[in-house]
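Worksheet: one structure, shown below.
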Amino acid sequence: MVNIVLFGPPGAGKGTQSEKIIAKYGLKHISTGDLFRKHLGEGTDLGKKAQSFMDNGKLVPDEVVIGMVDETINEFKTAPGFIFDGFPRTVAQAEALDALLAKHETSIACMIMLNVPEEELKKRLLERGKTSGRADDQNEEKINVRIQEYLNKTVPVAEFYTHQNKICKVNGVGSIEGIFDQISLAIDGHYA
Ligand code: AMP
């Protein structure tokens with residue numbers, strides 16, 4: 001199994017690049033944002049627990065996210081590997097992910113970090129909000145809260161993977177293909 005964490009602030013291009021990674025490597029995509037939006041749409045208890053946090057651009061509590069990821073890994077344990085998108089977003093989530101994968105005798109191969117300047121992120125999110133229908137992309141105040149949550153709680157996750165020597169930094173500004181080429185180079189090293 002080759003398991004990848006795709007890391008970066010909201011608007012860094014994680015969704016776009018995930019699609020290309022899945023198409024090339026056949027990994028199972030686990031996007032916690034997509035999973036939450038599905039629960040919200042279906043009106044499940046989990047969706048109800050997540051809603052107020054999502055509406056305000058805040059992170060959903062760790063135990064809720066970790067439980068949902070645990071279930072999804074169990075459901076797809078025969079996959080050739082996972083790509084985690086938008087998860088882990090706190091150090092507690094990163095520690096929990098290591099433990100969850102260890103139960104399946106596997107681990108994270110590398111963490112790909114997409115770097116994009118803050119002004120470019122805001123521009124991209126507001127642009128995406130015009131067509132995505134996502135309430136959290138349409139309001140500059142909410143976008144600022146999400147970026148602050150990222151800086152306060154998610155940036156330390158990069159340290160966590162740096163200590164494990166698993167981080168690979170990619171410039172997230174440029175053409176989609178050019179960025180994907182850099183990502184492919186990083187992933188290919190784990191198939192050698
Ligand atoms: P995203 O689609 O990744 O931008 O996520 C949308 C929203 O879902 C976030 O603003 C959070 O409220 C929630 N969310 C998604 N993933 C996580 C996570 N790993 N930890 C906490 N909250 C999350």
Side-chain angles (χ1 to χ4, degrees), residues 1-40 46 50 53-54 59-116 121 134 136 146 149-151 153-170 172 179-180 182-191:
M1 255 191 168
V2 172
N3 305 300
I4 312 283
V5 170
L6 191 56
F7 184 90
K14 299 189 293 295
T16 306
Q17 293 297 335
S18 286
E19 282 175 22
K20 298 183 75 64
I21 296 170
I22 296 157
K24 181 164 177 185
Y25 298 96
L27 302 179
K28 170 71 193 161
H29 188 209
I30 300 190
S31 156
T32 43
D34 286 353
L35 288 172
F36 280 133
R37 280 184 287 277
K38 187 160 177 280
H39 278 280
L40 272 185
L46 199 140
F53 297 97
M54 293 177 75
L59 291 187
V60 176
D62 286 336
E63 64 276 13
V64 178
V65 190
I66 292 164
M68 181 174 75
V69 171
D70 187 15
E71 256 178 40
T72 314
I73 291 177
N74 280 325
E75 190 181 339
F76 296 98
K77 56 179 173 245
T78 55
F82 294 102
I83 169 144
F84 296 97
D85 165 3
F87 178 87
R89 264 176 152 104
T90 64
V91 171
Q93 291 179 19
E95 286 166 348
L97 179 59
D98 275 358
L100 293 180
L101 292 175
K103 279 199 295 190
H104 297 278
E105 295 175 354
T106 186
S107 59
I108 292 298
C110 72
M111 188 265 221
I112 294 167
M113 182 171 184
L114 287 173
N115 283 318
V116 177
L121 294 173
R134 280 183 56 169
D136 59 351
R146 283 159 69 207
E149 284 282 86
Y150 173 80
L151 295 174
K153 298 179 185 164
T154 308
V155 166
V157 176
E159 281 286 295
F160 178 89
Y161 288 107
T162 303
H163 284 142
Q164 294 191 359
N165 228 346
K166 288 183 177 169
I167 204 160
C168 169
K169 292 186 183 164
V170 166
I179 297 167
F180 184 60
Q182 296 177 64
I183 293 177
S184 288
L185 271 180
I187 298 179
D188 286 344
H190 297 280
Y191 283 96

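Hydrogens, waters and symmetry mates play no part in the numbers below; they use all other heavy atoms, side chains included.
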Looking at every non-hydrogen atom in both residues, tell me the closest pair between [X] and [Y] and how far apart they are.
X	Y	answer
Ser18	Leu6	OG-CD2, 3.5 Å
Ala96	Ile66	CB-CD1, 3.5 Å
Arg146	Pro10	NH2-CB, 3.8 Å
Gly8	Tyr150	C-CE1, 3.6 Å

Distance (rounded to the nearest 0.5 Å) between [X] [atom1] and [Y] [atom2]:
X	Y	atom1	atom2	value
Glu19	Ile22	CD	CD1	7.0 Å
Ile4	Ile187	CD1	CD1	4.5 Å
Lys153	Leu59	NZ	CG	5.0 Å

Run the side chain to side chain donor-acceptor pair (under 3.5 Å) test against [X] and tell me which residues pass, sequence neighbours left out.
X	answer
Gln182	none
Lys169	none
Thr90	Asp62
Lys20	Glu177

**OP:** Output every pair passing ring pair (Phe, Tyr, Trp, His ring centres under 6.0 Å) with a member in residues 63-111, not counting sequence neighbours, ordered by first then second residue.
**Re:**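 Only Phe82-Phe84 qualify under ring pair (Phe, Tyr, Trp, His ring centres under 6.0 Å).
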Is there a side-chain contact between [X] and [Y], using heavy atoms and a 4.5 Å cut-off?
X	Y	result
Asp188	Lys24	yes
Tyr161	Cys168	no
Ile183	Leu114	yes
Val5	Pro88	yes
Gln93	Val157	no
Thr16	Phe180	no
Phe7	Thr154	yes

Subject >> Pairs touching residues 1-14 that satisfy salt bridge (charged side-chain N to carboxylate O under 4.0 Å, His left out), sequence neighbours left out >> reply: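 For residues 1-14: none.
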Subject >> Sequence neighbours excluded - salt bridge (charged side-chain N to carboxylate O under 4.0 Å, His left out) pairs with any residue from residues 72-89 >> reply: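 Passing the test, one end in residues 72-89: no pairs.
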Show me the donor-acceptor pairs within less than 3.5 Å that the side chains of residues 106-113 make with the rest of the protein, sequence neighbours left out.
{"residue": "Thr106", "atom": "OG1", "partner": "Asn3", "partner atom": "ND2", "Å": "2.9"}

Using the salt bridge (Lys or Arg N to Asp or Glu O under 4.0 Å) criterion, which residues pair with [X]? Sequence neighbours excluded.
X	value
Lys28	none
Asp98	none
Arg134	Asp136, Asp137

**OP:** Only counting residues at least two apart or in another chain, list the ones meeting ring pair (Phe, Tyr, Trp, His ring centres under 6.0 Å) with Tyr25.
**Re:**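 Tyr25 satisfies ring pair (Phe, Tyr, Trp, His ring centres under 6.0 Å) with Tyr191 once adjacent residues are dropped.
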Subject >> Within 6.0 Å of CD in Gln164, more than 12 heavy atoms from elsewhere >> reply: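 Atom CD in Gln164 is crowded, with more than 12 foreign heavy atoms closer than 6.0 Å.
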